[in-house]
There are 2 protein chains.
Amino acid sequence: METENGARWLSDEEQRTWRTHLEVSRLLTYQLERDLQPFDLTYNDYEILVNLSEAEDHQMRMSDLARATLQSKSRLSHQITRMENAGLVRRENCESDRRGLFAVLTDFGWETMKRVAPHHVAAVREHFIDLLSADGLMALQEALEPVAKHLRATRGRG
Amino acid sequence: METENGARWLSDEEQRTWRTHLEVSRLLTYQLERDLQPFDLTYNDYEILVNLSEAEDHQMRMSDLARATLQSKSRLSHQITRMENAGLVRRENCESDRRGLFAVLTDFGWETMKRVAPHHVAAVREHFIDLLSADGLMALQEALEPVAKHLRATRGRG
DNA sequence: CGCCATTTATTCAAAATTCAACTTAATTGG
DNA sequence: CCAATTAAGTTGAATTTTGAATAAATGGCG
């Protein structure tokens, strides 16, 4: 089955899988977002807390954090400003490179992370992980890892 | 492995799969968005064109379209206004329910759809479908369908 | 050394999204 | 039949995101 300019359409099976993937992506995002609302965090907030929590000294350069969370520098800059206002992080100068800044987790940010993480993990289980069989989990990883690799490589160029 | 309040952490394997899924979701969205840029369409625009194209008479009630594309009514309303300004769709009154409106694909919208779809499908192949084996495809569908079902059911309450 | 391209990060304005309030029409329950 | 409730959709203001422009510091390299 070909389109006029030579592209192959998706088979029914392919289309079904594609749409399922898309639907899961979106609904899952919304659901996790909702599960964080009681803690006054967006998913974005949470993701930054995770990254900083896992980082050495609970701090990361803005650029690295932007890369890690797949956001533009501009967006991250605004995001950190908001989180700074909320008391979750603070900015700190980098001595070795005076252009640079660190985003640093505050005590309150760290406390928040410890308090919220268990609930978030429970939500990830409830809405995703625990719905997969052991085989399903492995199959998913094996199917998606090459896609991730491709996208990582493609990212930034055309 | 348990958190203090009884939630089970993710195993390494679970965590890896979860993060891979998340990464693929996001990078894929960005990539497809980029592939649509040359046609002056956002992914949102495209999705609406798809829905209307597949609908009877190339038209859909606003509510149904909002549901189908997983957006709020407000967001859809703004979105359709923009697309109306771009000449892709028009609004039309519904006679049987005078509160209601149809979003209708214009000729230009339909032409646009026919022109763009092959490129989009090619992108979906390049960045997703063609990176999966036949087994991978099936495994993905089987793993994700229950998740989709759960999230659909959970949506709106929960 | 001195110049220029690059890297880091912010800022401003424009576009998109959300959120709550509102309008109008249809339904429902006495 | 009417009042109250629900449903469809829009609106406008506030928030968030994007994208281009800017500023400051670094790194090469001739």
Side-chain angles (χ1 to χ4, degrees), chain A residues 26 29-34 36-38 40-48 51-52 59-86 88-104 155-157, chain B residues 26-27 29-38 40-48 51-52 59-86 88-104 155-157:
Chain A
R26 301 244 217 124
T29 304
Y30 295 158
Q31 184 59 53
L32 293 176
E33 193 94 34
R34 279 213 321 216
L36 284 170
Q37 270 176 18
D40 280 313
L41 293 176
T42 64
Y43 193 80
N44 237 320
D45 294 332
Y46 184 79
E47 207 172 13
I48 288 182
N51 274 278
L52 292 180
Q59 62 175 39
M60 269 177 123
R61 286 288 294 272
M62 293 295 277
S63 291
D64 296 333
L65 194 48
R67 223 183 331 277
T69 56
L70 305 176
Q71 320 188 48
S72 70
K73 288 168 178 233
S74 172
R75 181 175 172 181
L76 180 68
S77 194
H78 289 297
Q79 172 73 26
I80 292 294
T81 299
R82 284 190 296 267
M83 292 181 74
E84 212 169 12
N85 292 335
L88 295 164
V89 302
R90 65 172 184 278
R91 282 181 234 246
E92 212 161 273
N93 289 46
C94 172
E95 313 202 354
S96 61
D97 182 342
R98 281 184 307 183
R99 294 167 300 183
L101 289 176
F102 288 101
V104 189
R155 179 158 176 69
R157 49 174 186 73
Chain B
R26 300 245 218 126
L27 289 179
T29 304
Y30 295 158
Q31 184 60 50
L32 293 177
E33 193 95 35
R34 280 213 322 216
D35 290 335
L36 284 170
Q37 270 177 16
D40 280 313
L41 292 176
T42 64
Y43 193 79
N44 237 320
D45 295 332
Y46 184 79
E47 208 172 12
I48 287 181
N51 274 278
L52 293 180
Q59 62 175 42
M60 269 176 125
R61 285 289 294 271
M62 294 296 278
S63 290
D64 296 333
L65 194 48
R67 221 182 332 277
T69 56
L70 306 176
Q71 322 186 46
S72 69
K73 288 167 177 229
S74 172
R75 179 174 172 180
L76 180 68
S77 191
H78 289 298
Q79 171 74 26
I80 291 294
T81 301
R82 285 191 296 268
M83 293 180 74
E84 212 169 12
N85 292 335
L88 294 164
V89 302
R90 65 172 184 281
R91 281 182 236 245
E92 212 162 275
N93 289 46
C94 172
E95 314 201 355
S96 62
D97 183 342
R98 279 184 310 180
R99 291 169 303 183
L101 289 175
F102 287 102
V104 189
R155 179 158 177 68
R157 50 174 186 75

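Here the structure is a predicted model, which is why all the values come from computation and not from measurement. Protein chains get the first letters and strands the later ones, always in sequence-line order, with residue 1 at the start of each.
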Is it the case that the side chains of B:Asp35 and B:Gln31 hold a donor-acceptor pair, with the cut-off being a distance below 3.5 Å and no angle test?
yes
Within the 3.5 Å criterion, strictly below it, is a donor on B:Arg34 or B:Gln37 matched to an acceptor on the partner's side chain?
no
Of all heavy-atom pairs between [X] and [Y], which one has the smallest distance, and what is that distance?
X       : Y       : value
B:Leu52 : B:Val89 : CD1-CG1, 3.7 Å
A:Tyr43 : A:Leu36 : CA-CD1, 3.8 Å
B:Arg26 : A:Thr69 : NH1-O, 3.3 Å
B:Met60 : B:Leu65 : SD-CD1, 3.5 Å
A:Lys73 : A:Ser63 : NZ-OG, 3.2 Å
B:Leu76 : B:Ala66 : CD2-N, 3.5 Å

Between [N] ([atom2]) and [X] ([atom1]): distance, integer Å:
X       : N      : atom1 : atom2 : result
B:Leu76 : D:dG9  : CG    : C1'   : 10 Å
A:Leu70 : D:dT18 : CG    : P     : 12 Å
B:Glu33 : C:dA15 : CD    : P     : 16 Å
A:Tyr43 : C:dT17 : OH    : P     : 20 Å
B:Asn85 : C:dA14 : CG    : C1'   : 15 Å
A:Asn93 : C:dT8  : CG    : P     : 16 Å
A:Leu65 : C:dT7  : CG    : P     : 19 Å
B:Glu92 : D:dA8  : CD    : C1'   : 17 Å

Assign each of A:Leu101 and A:Gln37 the nucleotide of DNA chain C bearing its closest heavy atom; nearer the 5' end lies the nucleotide of A:Leu101
Between A:His78 and A:Ser72, does a side chain to side chain contact (heavy atoms under 4.5 Å, CB included) hold up when you go through it step by step?
CA-CA 10 Å; A:His78 289 297; A:Ser72 70; over 6 Å; no
Check whether the side chain of A:Arg99 and the base of C:dA9 form a donor-acceptor pair under 3.5 Å.
no
Do any side-chain nitrogens or oxygens of [X] fall under 4.0 Å of OP1 or OP2 in [N]?
X       : N      : answer
B:Arg75 : C:dT17 : yes
B:Arg61 : D:dG9  : yes
B:Ser63 : D:dG9  : yes
A:Arg82 : D:dT17 : yes

So which protein N/O to nucleotides 11-13 of chain D N/O distances come out below 3.5 Å?
from   : atom 1 : to      : atom 2 : distance (Å)
D:dT11 : O4     : B:Ser74 : OG     : 3.0
D:dG12 : O6     : B:His78 : NE2    : 2.9

Remember a base hit wins even if backbone is also touched, and classify A:Asn44 as base, sugar-phosphate or nothing at under 4.0 Å, heavy atoms.
sugar-phosphate
For residues A:Arg91 and A:Ser77, determine if any side-chain heavy atom of one lies less than 4.5 Å from a side-chain heavy atom of the other.
yes
Name the closest nucleotide to the A:Arg98 side chain, picking from D:dT17, D:dT26, C:dT10.
D:dT26
Distances under 3.5 Å between nitrogen or oxygen atoms of protein and nucleotides 21-23 of chain D:
none

